[in-house]
Structure formats: structure tokens, C-alpha cells
Amino acid sequence: MNKEYDVVIIGAGVAGLYAALQFSGDVNVLMISKRELTLSNSSLAQGGVAAVLDKDHDNFKLHIADTLIAGKFKNNLSAVEKLVSEGPSDVMRLKDIGVDFDKEKSGELSKTLEAGHSRNRIVHHKDSTGKAIVDTLIENVKAKPNISIKENTYVFELDKVENGFWLGLLSGTEISQVGARFVLIATGGIGRVYQYTTNSAVATGDGIALAHMLGAEIKHLSRIQFHPTAFAAENERERFLISEAVRGEGAVYLNCKGERFAFKYDERGELAPRDVVSDAVIRESIATGSEKFYLDITHKDPEFIKQRFPMIYSRCLEEGVDMTKDKIPVFPCQHYLMGGIQIGANAQTTVEGLYAAGECSHTGVHGANRLASNSLLEALVYSRSAAENMSEKLKKSGKKPLGAAPKLTDGKGRELPKGIRTEIRKIMQDTYFVLPKPEKYQESYTEVDKIVNDLITGNYELTPDFIEARSIAIVAGIILGELKEGINL
Ligand SMILES: Cc1cc2nc3c(=O)[nH]c(=O)nc-3n(C[C@H](O)[C@H](O)[C@H](O)COP(=O)(O)OP(=O)(O)OC[C@H]3O[C@@H](n4cnc5c(N)ncnc54)[C@H](O)[C@@H]3O)c2cc1C
């Protein structure tokens, strides 16, 4: 017998976990995570969460202005107002449920500055804020008897039926179905569409692909943020982030000849916004014919570096680089997706009963470029809004019976040829990485479109590889389609 839930949440990052906590005990919730609960972009967040908490030195107008400037005024103003005005109480709620944000001696939350913010308003836990938040949220979620959790389970299909949805799940080799009156997609970003990304292995855009296949509106998927400083490991996939705060504390960006170059491209030098510095690095790379770049903070006191950046320090050490003595090899990377599944103020998509929140969604908050530390805030505000809206609807309309479940696949089919994901990543890297290459749009789109069609009609065996390759292909196709049509540029 198939199990039915009031709410199914796809994803266990900050958006999924925080949403789950909002439901009262009589709402039965299932939260699904395709890998272990702690593997997500949320767990990787370093810097912190932006919120106006110090009304003596900061106010909503300033945070709104900073967000609009970073977003090049392409933001949705009412979404930004909601983010900024509602966010502080969500951040305080995190503190109340046990997130150990760093504090001043006075006991006040410590607030730091990041590029693009005109005031100190980033609350943080050392340089591993995301992990501190995720660990606390998981603890709280596990204590709630109305929430069930399925780890290592891939949602591969989402069907709309009367009064709700049916989801197809793959756990190991077992294929099953669950029903839901409401679904929240909280599947995070799309970093793995690129060769170079700071994102975790789960960031393959699965939720965006599922929503797209169901006919939900997807918007501005080609608004992608490239971070200028990811560790340039020999192993191409794992590129951990060297936080902006390292440049904030005085690190300088050097080219292959050991020369500073950022001021040649912008008067703000290394502290210009992310997109500007990334752009400067790629132009300098073309000028020098080399992808070798470094961050150098060796002029600072070693003890200060270890205290201020314990996580980055130890990650660099694991790669054989002692940042107190050695220059850190860095290069730009795909980092964040501003676009996504289109949602309104209550996080509803264009499909009745389907919600989205976090990095997979598009609220319009970030405009053309995300302001640092606004994304965790967005995940909190909009996932709470989604849960509030679903709760209201459940109260009003009661628990109506779900339409019949569609026929479930047996998962059998042809073996997926190797290298599809690598091929798409290469196409994306060559076509649109920091500096767009319009002359390649049409050809790249045609190639990816062919792959999408083959994956959808090719009767392939249902495996995690197949699910992720299909998602990456669909997402790449939408991005290239937007670029080809001249949307966003
Ligand atoms: C290195 C790094 C540093 C960052 N630093 C900051 C920062 O300091 N401040 C800030 O505001 N933002 C930061 N960000 C961005 C921010 O962390 C993310 O935007 C945010 O955490 C996304 O949360 P999410 O809940 O939407 O998705 P995620 O946290 O990525 O969670 C996605 C979840 O979806 C699940 N999932 C995906 N597909 C499926 C499927 N098919 N079936 C089942 N489950 C699925 C995954 O298993 C996972 O549980 C950073 C990002 C990175 C990569």
C-alpha cells in the first residue's frame, strides 16, 4: 500500500529543514534527501546570514538599497522588502532553537561586514555558519514525531493528480511511490552543470528539472553567479570556497607572475563585487595565457589567520597548502544560481499545490547578482512562508483524498553511456563561464537539446546517474535556450 502524506519536502538543506519545522503536530510531513542529510550547499555556507538586527546602526532601507545595488536593480522590490523585513525574526528563531552564532563579550550576536553591505549585519559561526545551522535544524527536525525522513532516496518523478501529487522514489535499487497533498521543492542549486563549481555533489538541479517537466514556470536560469576565489585543486570537481572575508582581511590576488592585477580592471581592486573580480581574473587569464592565480595573505599574523579562518586553514592544509606561509592557488567558479522555479510571495509555483524555496527558486530577490549572505536568509523567509501557506490551506480545505497514483516504472532499460555529464559540463564551461560567448550559443543549445531528447525518450535504466544526467541536461538546455534568445544579457 502506497503511503500518503500531507506534505512532502524534497530536499534537506536549510530551506527544506526550516520548512519542516513550521508545521503543527497534526500535519504529517515527509522530508526526502537524495544523499545523507548533511550533504548540501547549506552545509558548505561559510560567511553567514545577513539581517538587520542592530537598529541603532542599521535599518531595512539600507539593507534593501545594498541588495538592489548588488542586483543591478533587476530585483523584485516587494520580494526584497519581504526578505529584509521578515528575515530578522527568522534569524532570531534560529538562535532560539540553538544555533550557536558567534557573540561579542557583551553577549550580543557578533555582526560582520561583507562586500556590498554598507553595515555590519552578517551573523555567523566562525567560517562554518552553514554547518552550524544545518546541524541544529536536523536535531530539531528529528525531535518532531510528525516528520519522517528518507535519506539516500532520489525523487525521480513528480505527477499532478486531483488534490495533490504522486512522487516516484529510488532508494538503492528499490522503486516506490508516495502521495502528497502539497509538495515543497527545496533541492538547491545547479553547480554540477559546470566543471568548476563550489557546490556540493547534490547540486544537479533535479527539482528545477522536475518542476519544468510538470510545466511550472522557470525563470532567469542564466543568472548565474561566478565566485572569484575557489581553491584551484588538481582534482577539478572539488573546489572549496575561499571566502570573500579572506580578501576582506587583506589577502591580495596575484597572477601567474606574482603581480597584483585587480586594480587594472576596477578601482575597487580585490574588493570589487564578485562578478567584477571574476571578470577581471578571466580577462587577466586571457592576457597572460595562464589559469594560475593565487591569493596571498601570508603578510598577516599566522595566529590571526588560524583563529579567523579555522575551516579554510585546515582545508588548505589537507591540500598541502599552509595559508600562513604559502600562496593559495585560486580560480573563479560557478557558485550560485539567482534564477529558478518561479514563485510568488507565499512560495507557490505556477502549479497549484506545488511550492519551491531556497536556491532552486526564483523570487526576484537577487536580481542579476546576489548580495553576499542573502541566500540563507531567502531560504529561511520563503520556506517558512511556504509552510504557513500550506498549513492555512490544509486547515481550510481539510485532508481531501488524492487522485489515483500513476503507473510506476519498473526502472529497467538500457545502460546509460558514460561521459554524458562530462560532455554537458564541458559545453557549459566553454559557452558561458564568467564571460559569455554568444557565438557558441546556438551550436551548444542544439547539442544539449539532442542529449535532452535522447535521455527522455531513450528508455534508459533508472539509476542515480540517469536522474542526475537528465537534470543537468534539462537545466543546461534551459540556460542555453535563454542565452540564445537574448534573455538576461
Ligand atoms: C561554498 C558555499 C558557501 C556559501 N556561503 C554562503 C553564505 O555564507 N551565506 C549565504 O547566505 N549563502 C551562502 N551560500 C549559498 C547557500 O549556502 C545556498 O544557496 C543555500 O544553502 C541553499 O539551500 P537549499 O536548502 O536551497 O539547498 P541545499 O542546501 O543545497 O539542499 C538541497 C537538498 O536537496 C536534496 N535533493 C536534491 N535533489 C534531490 C532529489 N532528486 N531527490 C531528493 N533530494 C534531493 C539534497 O540531497 C539536499 O538535501 C554558499 C554556497 C556555497 C556552495
Side-chain angles (χ1 to χ4, degrees), residues 8-21 30-47 99 125 127-142 147-156 167 169-172 184-210 227 230-231 233 235-241 243 311-312 314-315 318-319 333-337 340 356-361 375-376 379-380 383 421 425 463-472 475:
V8 170
I9 299 175
I10 317 174
V14 163
L17 289 162
Y18 193 62
L21 278 185
L30 171 66
M31 194 168 60
I32 305 172
S33 166
K34 72 177 175 182
R35 300 278 291 273
E36 56 274 31
L37 280 184
T38 49
L39 191 72
S40 63
N41 276 3
S42 296
S43 295
L44 296 177
Q46 297 180 352
V99 176
H125 172 89
D127 58 353
S128 52
T129 308
K131 184 176 180 317
I133 296 176
V134 167
D135 289 351
T136 306
L137 287 174
I138 290 175
E139 228 178 273
N140 279 268
V141 162
K142 284 190 169 166
I147 307 174
S148 313
I149 299 171
K150 272 186 197 286
E151 283 183 86
N152 297 308
T153 298
Y154 287 71
V155 177
F156 66 87
L167 296 90
L169 312 183
L170 176 69
S171 322
L184 172 65
I185 301 182
T187 47
I190 58 139
R192 296 296 167 134
V193 168
Y194 278 90
Q195 269 171 349
Y196 297 167
T197 179
T198 58
N199 285 194
S200 82
V202 297
T204 51
D206 296 4
I208 295 171
L210 289 170
H227 198 289
F231 189 92
N235 156 15
E236 284 191 349
R237 295 253 185 83
E238 293 300 331
R239 296 210 155 199
F240 63 93
L241 184 72
S243 158
M311 199 265 286
I312 296 172
S314 69
R315 277 297 279 117
E318 280 170 30
E319 301 289 336
C333 254
Q334 188 285 345
H335 183 56
Y336 184 76
L337 173 67
E359 194 167 338
C360 68
S361 69
S375 43
L376 289 173
L380 293 171
S383 65
R421 287 192 273 189
R425 286 174 181 141
T463 60
D465 273 357
F466 167 74
I467 297 166
E468 293 187 344
R470 183 184 65 180
S471 301
I472 285 175
V475 166

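As the structure is a computational prediction, the values presented were derived from the model and not from experiment.
A search for side chain to side chain donor-acceptor pair (under 3.5 Å) contacts involving T153 returns S171, not counting sequence neighbours. The ring-ring contact (aromatic ring centres under 6.0 Å, His included) search around F156 returns none, not counting sequence neighbours. Under the salt bridge (Lys or Arg N to Asp or Glu O under 4.0 Å) criterion, K131 pairs with D135, not counting sequence neighbours. Every residue was checked against the side chain to side chain donor-acceptor pair (under 3.5 Å) condition with D127, not counting sequence neighbours, and none meets it. Evaluation of the side-chain contact (heavy atoms from CB on, under 4.5 Å) rule for E139 yields no partner, not counting sequence neighbours. Contacts of A379 classified as side-chain contact (heavy atoms from CB on, under 4.5 Å), with partners at least two apart in sequence or in another chain: V14, A15. Annotation: side chain to side chain donor-acceptor pair (under 3.5 Å) contacts of Q46 (sequence neighbours excluded): none. Residues forming a side-chain contact (heavy atoms from CB on, under 4.5 Å) with A209 (at least two apart in sequence, or on another chain): S471, I474. Under the side chain to side chain donor-acceptor pair (under 3.5 Å) criterion, S40 pairs with S43, not counting sequence neighbours. By the side-chain contact (heavy atoms from CB on, under 4.5 Å) test, A203 pairs with N41, N199, sequence neighbours left out.
Of all heavy-atom pairs spanning C360 and A357, the tightest one is SG-O, 3.5 Å. Of all non-hydrogen atoms in I147 and L21, the two that sit nearest each other are CD1-N, 4.4 Å. Contact detail for A12 and L37: the closest heavy-atom pair is CB-CD2, 3.5 Å. Summarising the geometry of V141 relative to A20, their closest heavy-atom pair is CG2-CB, 4.3 Å, with the distance given to 0.1 Å. Closest approach of Y154 and E468 over heavy atoms only: CE2-OE2, 3.6 Å. What you find for M31 and G11 is that their closest heavy atoms are CG-O, 3.6 Å.
The CG atom of L44 sits 12.0 Å away from the OG1 atom of T129 when rounded to the nearest 0.5 Å. Here the straight-line distance linking atom CD1 of I208 with atom CD of E359 works out to 8.0 Å at 0.5 Å rounding. The distance from atom CZ of F231 to atom CD of E318, rounded to the nearest 0.5 Å, is 10.0 Å. L30 contributes atom CG, which lies 9.5 Å from atom CD1 of I10 (distance to the nearest 0.5 angstrom). Residue L170 holds its CG atom at 5.0 Å from CD1 of I467, rounded to the nearest 0.5 Å. Distance check, rounded to the nearest 0.5 Å: CD1 of I149 to OG of S33 gives 9.0 Å.
Using the six-membered ring where Trp is involved, H335 and H227 have ring planes that are perpendicular, over 60° apart on the 30 and 60° scheme.
Under a 3.5 Å cut-off, the side chain of R192 and the backbone N or O of V202 do not form any donor-acceptor pair.
The shortest distance between side-chain heavy atoms of D206 and V155 does not fall below 4.5 Å. Using a 4.5 Å heavy-atom cutoff, the side chains of T187 and K34 are not in contact.
At a cut-off of 3.5 Å, with distance as the only test, no side-chain donor of T463 or D465 sits close to an acceptor on the other residue.
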